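Here the structure is laid out as structure tokens; the discussion comes afterwards.
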Amino acid sequence: MKISKFDTGIGAVQWFIFLLANCLTIPIIVGQVFQLSPEDISGLMQRTFFIVGLSSLLSGYFGHRLPISDGPAGIWLAVFTLMGQVAMINGITNLSNSLQLLEGAMILAGIILLVVSITGWMEKLLSYFTPLVNGVYLTILGFQLCGIFLEGMFDVKPTSISIEMGVVLLSFSTFLLVLYLGVWGKGWLKSYAVLIGIVIGSIFFVIFYGSHPFPKKDAIFSLPEVFAWGTPKIDGSMIVSAILVAIVLILSIIASIAAMKHVLSMQSANGTRKEGTLKSSGLISGVNTILSAVFSVVGVVPYTVTASFVQLTGQNRMKPYFIASFLLAFIAFFPAIYSFFAMLPGPIANGAMLASYTTMAGIGISTVLKEPLDQRRLTILSISLSLGIGVMFLPEVVISAFPGVLQYVISNGVMVGLLTALIFEHVWKKSEV
């Protein structure tokens with residue numbers, strides 16, 4: 001079937017909005033944690049746009065060759081947030097050292113990914129990530145991300161003790177509109193559900209609340225800064241953290257490819273597609289992680305949740321994906337453009353993204369059910385989900401009581417659930433049921 005240029009263009013716009021919304025809130029969150037100035041946050045947003053666009057292009061062309069966008073990894077965001085909180089608890093006012101340590105950790109994690117891929121260990125590790133382990137990872141990731149987006153819909157601010165109910169109603173209306181169009185819409189309404197929801201929601205937001213100002217730069221053209229946080233550093237605790245994060249990134253690569261293939265097979269869109277190998281995916285992800293450190297942004301990874309977006313919208317072609325990735329990297333050179341897009345209302349973007357991500361937990365459960373759910377697998381599933389989701393509710397005082405290395409693990413539900421599932425899956429043999 002011939003695809004018109006109009007459909008390709010509109011599809012690229014929707015991909016662009018998806019990429020934009022996924023990386024828009026991260027600079028603001030990191031800026032709040034590390035008390036960055038508005039100008040520094042603007043620079044971080046510029047570099048994030050550039051790296052997400054560039055890494056998505058590299059992954060789609062040289063890596064997995066699937067419509068799986070890259071984005072700031074949730075596991076890296078958790079490490080960033082925790083380091084900032086620990087520094088504040090310890091009374092450290094100069095947070096640049098923490099950011100330099102994070103640059104060093106990302107470089108080390110990227111090198112680990114390169115080594116694992118070059119040596120062929122990636123394929124060997126694949127046997128350890130069974131449908132049960134992958135399913136636990138996807139399910140907890142879906143719950144964790146939906147929690148973040150739900151909080152964003154309420155527009156919760158650290159300095160505020162109340163919420164604006166009108167904003168909440170608008171964000172939930174956007175969520176329901178995108179969900180309705182994605183599930184029950186027909187034709188182009190279904191395909192462009194996210195775009196329609198964000199456009200309509202943003203219009204109403206501007207009408208009732210106006211647009212949010214953003215720092216403007218006088219320069220027409222601006223290059224993303226290299227090592228904006230200073231020279232990378234490394235210490236013992238960050239070496240351990242980098243190794244653990246690299247394990248999660250490997251699973252994320254495997255899970256994102258598996259989830260996308262599952263969705264594409266349901267949409268009968270996998271017939272003539274030339275896919276990359278797991279080795280090429282790992283190599284490019286290693287390069288992208290190192291590039292994240294070089295340009296001082298939260299480390300990127302193939303976004304597993306892209307499968308939910310493709311499942312919701314049916315946007316599975318590579319051409320619109322490539323166009324959108326290029327545009328995101330391109331606008332990073334023009335302050336006026338990325339500052340304009342940075343004014344996208346956060347609650348509206350979060351509402352639209354929540355609708356896209358609600359199916360992630362379902363994809364995880366579907367992955368688990370690829371094999372019979374006997375007593376052994378059911379028990380492992382229950383334990384892993386209980387511990388992984390349970391640690392999300394632990395207060396900070398509990399997390400801070402553990403040694404620094406363990407804090408990075410215990411504070412992240414995805415990592416806890418993943419490690420629990422891995423250990424039980426391979427220690428508890430099937431014959432012991």
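A quick note: this is a predicted structure, and the numbers were derived from the prediction, not measured.
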Quick one: pull up [atom1] in [X] and [atom2] in [Y] and give me the separation to the nearest 0.5 Å.
| X | Y | atom1 | atom2 | answer |
| --- | --- | --- | --- | --- |
| D70 | S285 | CG | OG | 6.0 Å |
| L170 | I200 | CG | CD1 | 11.5 Å |
| I253 | H64 | CD1 | NE2 | 9.0 Å |
| S325 | Y61 | OG | OH | 14.0 Å |
| L141 | C146 | CG | SG | 9.0 Å |
| L328 | F50 | CG | CZ | 10.5 Å |

Using a 3.5 Å distance criterion without hydrogens, assess whether the side chain of [X] forms a donor-acceptor pair with backbone atoms of [Y].
| X | Y | answer |
| --- | --- | --- |
| S55 | V52 | yes |
| Y137 | V414 | no |
| R317 | G11 | no |
| S265 | H262 | yes |
| Y303 | L19 | no |
| S252 | V248 | no |
| S127 | K124 | yes |
| R47 | V297 | no |

Quiz item: Under a 4.5 Å cut-off applied to non-hydrogen side-chain atoms, are T130 and H426 in contact?
Solution: yes

Quiz item: Mind checking whether V298 and T48 have side chains closer than 4.5 Å, heavy atoms only?
Solution: no

Quiz item: Is the ring centre of W15 less than 6.0 Å from the ring centre of F309?
Solution: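 Judged by ring-centre distance (under 6.0 Å), W15 and F309 do meet the cut-off.
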
Exercise. Return the orientation label for the F154 and F172 ring planes: parallel under 30°, perpendicular over 60°, tilted otherwise.
Key: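 Taking F172 first and then F154, their aromatic rings stand perpendicular (interplane angle over 60°).
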
